[in-house]
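See structure below.
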Amino acid sequence: MTKKMEQDTQLLKTKIKDLIVDEGFQHKEARRLLGEKASEAAVRKETERRMERAQELSEKLVRPLGTTTRPYPMWGSQRVDYKGQSNLEQVLSRIADDSNPMKVYSERPYSEVIAMAYCDMPVPSMLPLFFDGLERRKPESTNRTQMMIGDPGAGKSFMGALQGRMRSTKPVEVFDCGGKNMNELLFEMVLDFGAGDALPKAVDKRLQAGSLEALSLAKLKQLPAGAVTLDDDKNIKSIDWNYFKGNAKPQDVEAAFSILKDVAQIEGLDNASGNMLGMNSQYGPLIRWFIEGREGVLDEYNKSKEGSDNGLQTVWQFLNGETNECTVENPLKNKDLTNGPSSFTFRRDDMQAGFFVTLTGNKTEDGLTTRSLNKSVYSRLSPQTLPDPTEADWQHRICQMMCGVPVSTLYNVFREQADENPKEFGQWLMQLRKTKAELEGVPVPELQETLLENWRNVVNSSRKLARFYSEWSEMTNAENLMTTGNTDLIEEVDEEYSKKEGIDFRKIKQHLEAALPIRPRMLPEDAETKADFKNFMEQPKLGEKEYENPSVAFGTRLVDVLDRMVFEKSEAIGKHKLYEKLKASMDNAGLRDIVLQDGAHSFQRSVEEDLNVSVFDSTDVGKRAAAARKVFCDYIRQVDPQIVEADDDKIITIARLKRALQTVGDDNTAETKDLFIVNRDHESLGAFPLARAKIEDMAAYPEGTEEVELSVSDIVSHEDFMAALALPTVSAKNLDAIWDTNIRTLSEQIEKEQNPQDTEPEKKSSADEIFKITENRSEQGLATTTLRVMFKDAAGKESDVSVHIVLNKNRKKALVVGEKVPTKLLSAFKEAGIIHVDRHAPNAKAKVDAALTDLTRGTRNPELTKRHLADAFRFRNDFDLGEFLVAKKAITPAELKAAREELKNSNEPEAKLDEVLIKQGVLTAAQLADKTKLSEMLVDDKMGMLYEKYVVKDRKKPSI
Amino acid sequence: MTGEGRKTSPPADLLEKTASVAAQQNAMERGCKFLPHGSRLFPVEQGWESTTIRRDDKVSVVSTLLELEETMQSADAKVIFIPIGAMMTDADIEKICQRNATVRTFFKEVKKGE
């Protein structure tokens, strides 16, 4: 530590009288110091010196908060004029005052104070208390206490400690007052292990080595419960020695003294030098904090022992500024042969800048252990009661827990600037988070970084989550059911339930903790799985592990956790009405896809979708390029044995890939129909990583026109096409480029030729929706098409194969069914929102089914949408129902022959094969629907195409 | 220096630091337990990641509650590693964080698959 740093960490030990920049005050101080006999000139000179010194020290300590260029959010009452009437309302605004900003007197650098003040900011409704806390910490304030009363989990002790943490790098001591005699705040009975804690260290060492005598172990287990933790087998896991140095009750200290004396003797540690053990009375936390000039928090003050704080009244009078001096006597002195100080005198003159005491208390409704304080304590400590949390508070805390920054509050305060320049706002949020991460000693977690880059998603989703949590909290608060519109829950929600399951801010923590890790996920109820019964008792061989970015499905995991919690805390314990209301609240808040009452799908994104974010969504092209480079290099190495270079930079630089992605990003591929694929040419891929491709659609060459001639080498390989779908930017642009209206044009031509009369309007409207699905113009955002690419199988045989694509553009998700792809692409597909299914995989159909259910979720009628998708699929693919059913062994060839025979002889011109099969009793309608599901067709490797749509290399256009 | 030209491979300590950052990031991706006053506890499976984090000279290793509380008093000990055999439970760590309000990052070594 440098000398300057040492000086800086001593600044809070400065006496507050030396920090007050007030001429009148310093003049009085100078007169007092120099005495009555000193001349006025000398006093003036001393006053001047003291003023200069105070100014200098203040400048070193003061960190302004809430200036014109660095406004700080503030919540409070304000007169708001509306329609000519002035109303008193609580609003969220800001403090931005260069002359009188808020001030933090801190030893920490400005950037650290700012990062903590903004990232760990109390919820909006607590900001006025935060403001008061800062005011009371000013040198001129004689009140050095702040007491807050509120519900458990509201963040009272966090806020008190935050103010201390903002000021000093030392930890703020938090003293748990629960069940304790408050006289211990002044003088306490402790165990004295001597300097170096030799005895505890020796015991710990033997405990860890398993070499403690059995009798010692038995004795140690008798130590007070607050100090010993036992494991599941009732063995000692840990001993909290510091518990006996300032946290234990006197009777616990006495008991421990006796036990440890015995243990020391059994272990032969009583004779070793340094292994001292004594019992002393010493200054309690209040006096220690005062002497050391530091902050402390007295937690759960009104859970302390009734009547035990009577002796503290004079101390509170001193601490709140009513008196300037106060002496307290040590009642423990000479008790049971203990040593210690006999008294202590608090003097205003000795008060240091760093000293402050925060007291917290729970509302008296919180159980029997919480007591109402004496009138004199209320009068002296003037507790401030926290308001009930608002939706803005919930949102603030949700953002803080998810991203480390209260994005919603900052957005609300800087809304205009943020909307005007979202990128700059996002960078500012990241800067705050990164500075705070330096204090934490680790980088910003990737999930938080991704969320901050997508801060708008965070604002939107947290608003919905806040609404839900706020309603959940109201529904589980027995006290307020009548006033919150939850009278119908009176029978189910009682005070006991409220205490146990009531929703407070701590629950957000628990839910996020559960949602953060990637865990196995339950399959949809109707998903197909096939167990290997034959080899069930053998340990299975697992497939290659696919890396998954934690943010890709974070929203899904969070909403899954909430679904589970809601059930467990209501329906599972017989609270049916509560469950129904909570489910409705989840739907109304939009946790999952929003389906409007008329059945239409809302274009508002759900919480799940907003929080499922990936690097593909990043606004930072550099990040996308870095991710693309990884996919590019991994892919190239895996498919091209000639490339053995381990250094990605030597294959392609990020800068080069960034330029290529920028070019792709600027291309309106929905119009130009340009496709981009990985350039596999060794000579040029380092400079031009992406080659061009285009679609050659046979549907664009109606009968009679000359078809384009394609050779095998013209057609893009399955691998290269798939790799492009795994590249950020390129993936989305390629998925934009593959749609066309050729099938509609062709159908209209055929229709005109075959039936010059107009078709029935009803049929036409249904067909129109199906056409739109083939063209990616459906309002529901769903589309499907099939592309043809070259594939070399394991035996080296090359042939053209189909790649089926089902897209939900509203949700930026796609299902791609094709051949097996290089494993390195699989994790990138997840990031891209692409579900890839190898059509030959044993569980391919189940995977496709699950993907289709996911893609159609939230549409007006998912089942109808699936049928429309199947119809759209058939427009381009050569689907023969009869052959298909025979191939699937749903019917026999003989049954098909019989059905066709009947169809041929039928008098009904509109009769269809499916109807005949049902009529003949070969299949039921349900069986038929099941066997001809889209998933069955998508995984059918024998499915040919009516109109092939080839992905071909575009050699006329240069690589980029 | 031998005068035979510059070394082309990165220095070993730089490699170790890079590995430690990677190991920390991997552990952080797997979720955490939120502790009082803004501290976080990340489980890290026994293996190369835990070994690398433990070896990082910026990381303090503690095995007992006494060591833990002493380490927390130091402003420089921002990252604390708790080896698998350490004499403390998650509840112990939470208790110590509750009474010493400061922000620290904990990596706790756990058995594979725990």
Side-chain angles (χ1 to χ4, degrees), chain A residues 1 9 116 119-120 157-158 160-162 164-165 168-176 197 200-201 204-205 207-208 226 229 231 236-243 247 295 297 299 401 404 436-447 506 509-510 512-519 549-550, chain B residues 20-43 53 56 58-60 63-80 83 85-93 95-107:
Chain A
M1 197 183 267
T9 56
M116 291 167 94
C119 293
D120 293 344
S157 54
F158 179 85
L162 168 67
R165 289 195 286 116
S168 168
T169 54
K170 292 189 192 83
V172 175
E173 195 179 330
V174 180
F175 185 84
D176 180 6
D197 293 323
K201 281 180 181 168
D204 270 351
K205 203 172 169 185
L207 194 57
Q208 206 161 14
T229 306
D231 63 16
I236 296 175
K237 178 72 182 170
S238 63
I239 300 177
D240 179 8
W241 299 101
N242 285 339
Y243 177 74
N247 295 286
E295 291 226 3
V297 176
D299 211 11
M401 299 299 301
K436 193 179 159 234
E438 282 170 27
L439 298 172
E440 294 162 348
V442 284
V444 179
E446 198 175 329
L447 173 65
R506 284 197 183 112
K509 243 188 215 184
Q510 292 167 10
L512 281 177
E513 272 176 13
L516 284 172
I518 297 168
R519 292 198 174 105
N549 185 330
Chain B
S20 176
V21 170
Q24 289 179 20
Q25 275 174 328
N26 285 355
M28 287 163 76
E29 276 184 14
R30 291 190 284 265
C32 71
K33 185 176 167 67
F34 294 102
L35 297 171
H37 303 288
S39 289
R40 288 167 302 162
L41 173 75
F42 296 95
I53 297 173
D56 189 332
K58 280 192 174 166
V59 174
S60 307
S63 289
T64 65
L65 290 183
L66 214 50
E67 286 171 8
L68 173 61
E69 202 150 3
E70 192 185 335
T71 304
M72 284 184 73
Q73 304 306 312
S74 160
D76 296 330
K78 293 174 181 172
V79 183
I80 298 174
M87 291 165 55
M88 64 189 84
T89 61
D90 286 5
D92 288 329
I93 301 167
K95 179 172 73 174
I96 305 296
C97 287
Q98 178 59 40
R99 68 180 185 224
N100 296 280
T102 181
V103 176
R104 297 287 182 267
T105 304
F106 296 91
F107 289 100

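Just so we're clear, the structure is a prediction, and the values are computed from it rather than from any experiment. So that the names make sense, note that chain A is the first sequence line, chain B the second, and so on, each numbered from 1.
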Quiz item: What part of A:Glu295 is in contact with chain B, defined as an atom under 4.5 angstrom from a non-hydrogen atom: side chain, backbone, both or neither?
Solution: neither

Quiz item: Given a strict heavy-atom distance threshold of 4.5 Å, which part of B:Gln25 is in contact with chain A: side chain, backbone, both, or neither?
Solution: side chain

Quiz item: What part of A:Asp176 is in contact with chain B, defined as an atom under 4.5 angstrom from a non-hydrogen atom: side chain, backbone, both or neither?
Solution: neither

Quiz item: Given a strict heavy-atom distance threshold of 4.5 Å, which part of B:Asn100 is in contact with chain A: side chain, backbone, both, or neither?
Solution: both

Self-check item: Max heavy-atom pair count under 4.5 Å with chain B, selected residue of A:Glu173, A:Lys436, A:Gln208
Solution: A:Gln208

Quiz prompt | Atom group of A:Asp299 that falls short of 4.5 Å from chain B, counting heavy atoms | solution = side chain

Practice problem: Could you tell me which portion of B:Ser74 (side chain, backbone, both or neither) has an atom closer than 4.5 angstrom to a non-hydrogen atom of chain A? | Solution: neither

Quiz prompt | Segment of B:Gln24 engaging chain A (4.5 angstrom heavy-atom cut-off) | solution = side chain

Quiz item: Would you call A:Lys237 and B:Asp92 a salt bridge, using N to O less than 4.0 angstrom?
Solution: no

Quiz prompt | Region of A:Met116 in contact with chain B, defined by heavy-atom distances below 4.5 Å | solution = neither

Quiz item: Relative to chain A, which segment of B:Lys58 carries a heavy atom at a distance below 4.5 Å: side chain, backbone, both, or neither?
Solution: neither

Self-check item: Structural part of B:Arg99 lying under 4.5 Å from a heavy atom of chain A
Solution: both

Quiz item: Side chain, backbone, both or neither: which part of A:Asn549 has a heavy atom under 4.5 Å from chain B?
Solution: neither

Quiz item: Can you check side-chain contact (heavy atoms from CB on, under 4.5 Å) on B:Lys33 and B:Ile93, steps first, answer last?
Solution: CA-CA 11 Å; B:Lys33 185 176 167 67; B:Ile93 301 167; over 6 Å; no

Quiz item: Do you know which of B:Lys78, B:Met87, B:Glu69, B:Met72 has the most heavy-atom pairs with chain A at a distance under 4.5 angstrom?
Solution: B:Met87

Quiz item: Which bit of A:Leu447 is near chain B, if near means a heavy-atom gap under 4.5 Å: side chain, backbone, both or neither?
Solution: neither

Quiz prompt | Segment of B:Ala91 engaging chain A (4.5 angstrom heavy-atom cut-off) | solution = neither

Quiz item: Where on A:Ile236 is there a heavy atom nearer than 4.5 Å to chain B: the side chain, the backbone, both, or neither?
Solution: neither

Self-check item: Crowding at CD, B:Glu70 (>12 non-hydrogen neighbours, <6.0 Å)
Solution: no

Practice problem: Can you tell which part of B:Leu35 gets under 4.5 Å to a heavy atom of chain A, answering side chain, backbone, both or neither? | Solution: backbone

Exercise. Name the region of B:Leu68, side chain, backbone, both or neither, that has any atom closer than 4.5 Å to a heavy atom of chain A.
Key: neither

Quiz item: Tell me, side chain or backbone of B:Val59 under 4.5 Å from chain A's heavy atoms, or both, or neither?
Solution: neither

Quiz item: Just checking, A:Arg506 and B:Phe34: is the charged tip under 6.0 Å from the six-membered ring centre and within 45° of the axis?
Solution: no

Practice problem: Count the heavy-atom pairs under 4.5 Å between each of A:Pro171, A:Ser238, A:Pro443, A:Gly441 and chain B, then report the option with the highest count. | Solution: A:Pro171

Quiz item: Side chain, backbone, both or neither: which part of B:Phe107 has an atom under 4.5 Å from a heavy atom of chain A?
Solution: side chain

